Amino acid sequence: MRRGLRSVLSLLLACAILTLASCATVRPWERESLAKKPMALDPDPEETTLEQLFLDAREGSAGGYGAVGGGCGCN
Amino acid sequence: MRKIIIFAAAMVCLLVSAVPSWSASVGDKAPNFTLKDLAGKERSLSSYKGKVILIDFWASWCPPCKRSIPEIDMLYKKYRDQGFVVLAVNVDKDRRNVVDFLKNIAPEITVLLDPEADVVGAYRILGMPSSMIIDRSGLIRYIHVSYTAETLTQYVLEIRPLLEEKK
């Protein structure tokens with residue numbers, strides 16, 4: 001039984017190693033799809049700015065909405 | 001104990017295989033390449049030997065490139081008579097995107113197409129856009145990753161002394 005458990009654990013470990021090894025880094029020149037507008041965290045920054053303006057006026061508060069980012073990772 | 005050693009060795013092998021083998025560094029000889037330009041003519045880096053070369057890796061989908069390409073073109077027009085050359089290596093998969101991008105800029109720099117990413121992959125750049133300045137003897141002297149408001153000034157400060165160096 002103990003030996004069987006050890007075999008199963010060894011198999012799981014081997015699978016984990018193989019799966020982790022398949023994690024690949026997206027190279028800077030491969031980010032064409034990531035650079036597309038729908039892939040950005042905020043696809044329409046102008047609309048968000050306008051919404052934020054209305055929200056600020058109504059609620060009397062501002063900020064707390066994170067930072068810009070996503071996309072191609074340029075600059 | 002033996003199993004632990006085998007496991008540790010396997011982990012080391014996996015880590016080593018994940019590390020890039022070579023990336024362009026300052027002081028390295030710039031690897032030669034041959035690519036086609038927009039007109040379909042083949043151009044080799046080696047044919048520009050003896051000149052100061054700016055290799056700019058760019059793409060139509062890269063926002064900073066909208067600024068960098070016109071400014072680099074301006075730089076080229078200013079220093080070309082002194083032996084300055086720009087090779088703008090584009091990595092777009094679709095040539096039409098490159099043509100659309102350049103339509104309104106009409107640059108005079110040499111635009112080369114690398115749709116299979118053979119050259120950009122060989123140089124293993126760290127970001128998009130990236131640029132390298134190569135001296136008259138073919139050595140990589142400066143590497144820039146990304147393009148900001150200060151990059152053009154930095155280019156000028158680096159290129160001027162290189163243009164004065166002898167072959």
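Chain A is the first sequence line, chain B the second, and so forth, proteins listed ahead of strands; every chain is numbered from 1. Because the structure is a prediction, the values reported are computed rather than measured.
A:E32 is listed as a side-chain neighbour of B:K93, based on a closest heavy-atom distance under 4.5 Å. Here the side chains of A:K36 and B:W61 are not in contact, with every heavy-atom distance at 4.5 Å or above.
More than 12 heavy atoms of other residues, nucleotides or ligands sit less than 6.0 Å from atom CD of B:E71. At most 12 heavy atoms of other shown residues, nucleotides or ligands fall within 6.0 angstrom of atom NZ in B:K36. With a 6.0 Å radius and a threshold of 12 heavy atoms from other residues, nucleotides or ligands, A:E47 has its CD atom above the threshold. In this structure, B:R80 places its CZ atom where more than 12 heavy-atom neighbours from other residues, nucleotides or ligands lie under 6.0 Å away.
If you tally non-hydrogen atom pairs under 4.5 Å between each of B:V120, B:L126, B:V91 and chain A, the highest count goes to B:V120.
Residue B:N97 touches chain A through its side chain alone, counting heavy-atom pairs closer than 4.5 Å.
For the atom pair CH2 (A:W29) and OG (B:S130), the distance works out to 9.5 Å, reported to the nearest 0.5 Å.
Criterion: ILVMFWY side-chain heavy atoms under 4.5 Å apart, direct or through other members. Under it, B:I72 and B:V156 are part of a common hydrophobic cluster.
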